[in-house]
Number of protein chains: 2
Amino acid sequence: MKKRPQKRLDYEKELRRAGVRITRPRRTILGILSQTEDHPDALEIFRRAVAVDPSISLSTVYRTMKLLGDMGAIHRHAFEGGPSRFEHASGEHHDHLIDIETGDVIEFKSDRIEQLQDEIAKSLGYDIVHHRLELYGRKRRAG
Amino acid sequence: MKKRPQKRLDYEKELRRAGVRITRPRRTILGILSQTEDHPDALEIFRRAVAVDPSISLSTVYRTMKLLGDMGAIHRHAFEGGPSRFEHASGEHHDHLIDIETGDVIEFKSDRIEQLQDEIAKSLGYDIVHHRLELYGRKRRAG
DNA sequence: ATTTCTGCAAAGCTTTTGCACCACA
DNA sequence: TGTGGTGCAAAAGCTTTGCAGAAAT
């Protein structure tokens with residue numbers, strides 16, 4: 001029952017603050033991202049955008065995702081065997097379980113795992129800058 | 001102080017058993033993999049192979065890696081921001097810490113993390129087929 | 001003698017980029 | 001009105017593939 005009302009306005013504010021122009025294609029893409037609860041790839045975002053504004057280009061989608069990624073407003077995930085997929089960066093950090101049959105993505109979080117990761121890195125003499133934890137699985141059937 | 005003596009012979013046996021021909025380029029590539037303790041990408045394997053047999057092609061490297069991967073003899077890792085890198089599949093499962101400055105890869109293993117992953121997947125109604133855990137970090141400087 | 005494999009070149013797929021025009025501030 | 005953004009097409013980077021000739025069994 002999560003609500004993500006008018007996330008687009010937040011994006012716009014952030015963008016303006018960063019000194020970037022709010023153009024028609026950008027507004028369209030932000031609108032789509034604000035309604036997005038899944039993890040679409042660039043082509044899928046492009047398709048959804050074209051439905052709103054047929055003149056939009058895939059380049060602009062990529063450029064906008066790059067822009068938002070650099071600002072930290074979205075995350076890009078390069079899951080196995082496919083193009084990068086995006087999600088908004090609102091909310092807390094989490095990792096992903098990918099359904100290898102459907103491509104569905106389930107988010108999860110484990111403080112314990114994060115803590116263990118830190119310990120491991122430290123013991124190896126490293127500080128973690130970021131990490132990637134992806135579980136690829138198959139839905140267990142009842143019975 | 002690990003030793004990996006004559007790993008090539010094992011590969012060859014496996015390949016013959018699988019009904020594949022041991023050709024000159026394959027023997028060359030297997031020889032290189034057997035001496036490899038790092039995580040080279042296809043181009044790097046190609047370079048090392050060319051030093052032994054200048055007539056080898058990059059396609060053959062890719063095809064051989066695919067073959068060995070399908071047989072489970074090597075693992076392919078798609079670390080962030082670069083081409084896939086390979087390692088032989090001998091030895092036990094482990095995860096990777098990637099030095100974001102040098103690209104160096106350090107292997108580590110945590111039974112506790114594996115166990116937590118299983119629990120998480122189960123609680124979400126999934127069985128894990130495989131997973132990917134990569135820590136991207138920077139060497140902590142003394143002091 | 002077959003069947004598999006190879007090198008080469010071309011194509012595939014995702015993502016980035018050069019450029020001339022367009023539009024936001 | 002000037003700078004930044006856009007669409008288009010081309011290119012880049014990695015990997016796969018079609019094909020005709022070569023080599024392993």
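We name chains A, B, ... by the order of the sequence lines, and we start the count at 1 in each one.
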Practice task
Specify the angle, to 10°, made by the local axes at the two ends of the helix from C/dA1-D/dT25 to C/dA25-D/dT1 when five pairs are taken at each end.
Solution key: 30°
Qualifying residues under side chain to side chain contact (heavy atoms under 4.5 Å, CB included), relative to [X], sequence neighbours excluded:
X      : answer
B/R16  : B/E12, B/I22, B/R27
B/R63  : B/S59, B/T60
B/T102 : B/D99, B/D104

Go through the structure and list residues passing salt bridge (charged side-chain N to carboxylate O under 4.0 Å, His left out) with [X], not counting sequence neighbours.
X      : answer
B/D118 : none
B/E87  : none
B/E92  : none
A/R76  : none

Practice task
Would you list the pairs meeting ring-ring contact (aromatic ring centres under 6.0 Å, His included) in which at least one residue belongs to residues 27-73 of chain A, sequence neighbours left out?
Solution key: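 Every pair satisfying ring-ring contact (aromatic ring centres under 6.0 Å, His included) with a residue in residues 27-73 of chain A: A/H39-A/H96.
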Handout entry: ring-ring contact (aromatic ring centres under 6.0 Å, His included) contacts in which one or both residues fall within residues 102-131 of chain B, not counting sequence neighbours
Key = A/Y136-B/H130, B/H93-B/H131
Practice task
Tell me whether A/L135 is reachable from A/F79 by hopping between hydrophobic residues (I, L, V, M, F, W, Y) whose side-chain heavy atoms are closer than 4.5 Å.
Solution key: no
Problem - Sugar-phosphate or base contact per nucleotide [nucleotides 15-25 of chain D; S, B, -; heavy atom under 4.0 Å] - result: BBBB----BBS
Problem - First and last nucleotide of DNA chain C, 5' to 3', lying under 4.0 Å from heavy atoms of chain A - result: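 With heavy atoms of chain A under 4.0 Å away, the range is C/dT14 to C/dA25.
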Handout entry: Residue-phosphate contact under 4.0 Å: A/T60 side-chain N/O, D/dG7 OP1/OP2
Key =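 For A/T60, the contact criterion (side-chain N or O under 4.0 Å from OP1 or OP2 of D/dG7) is met.
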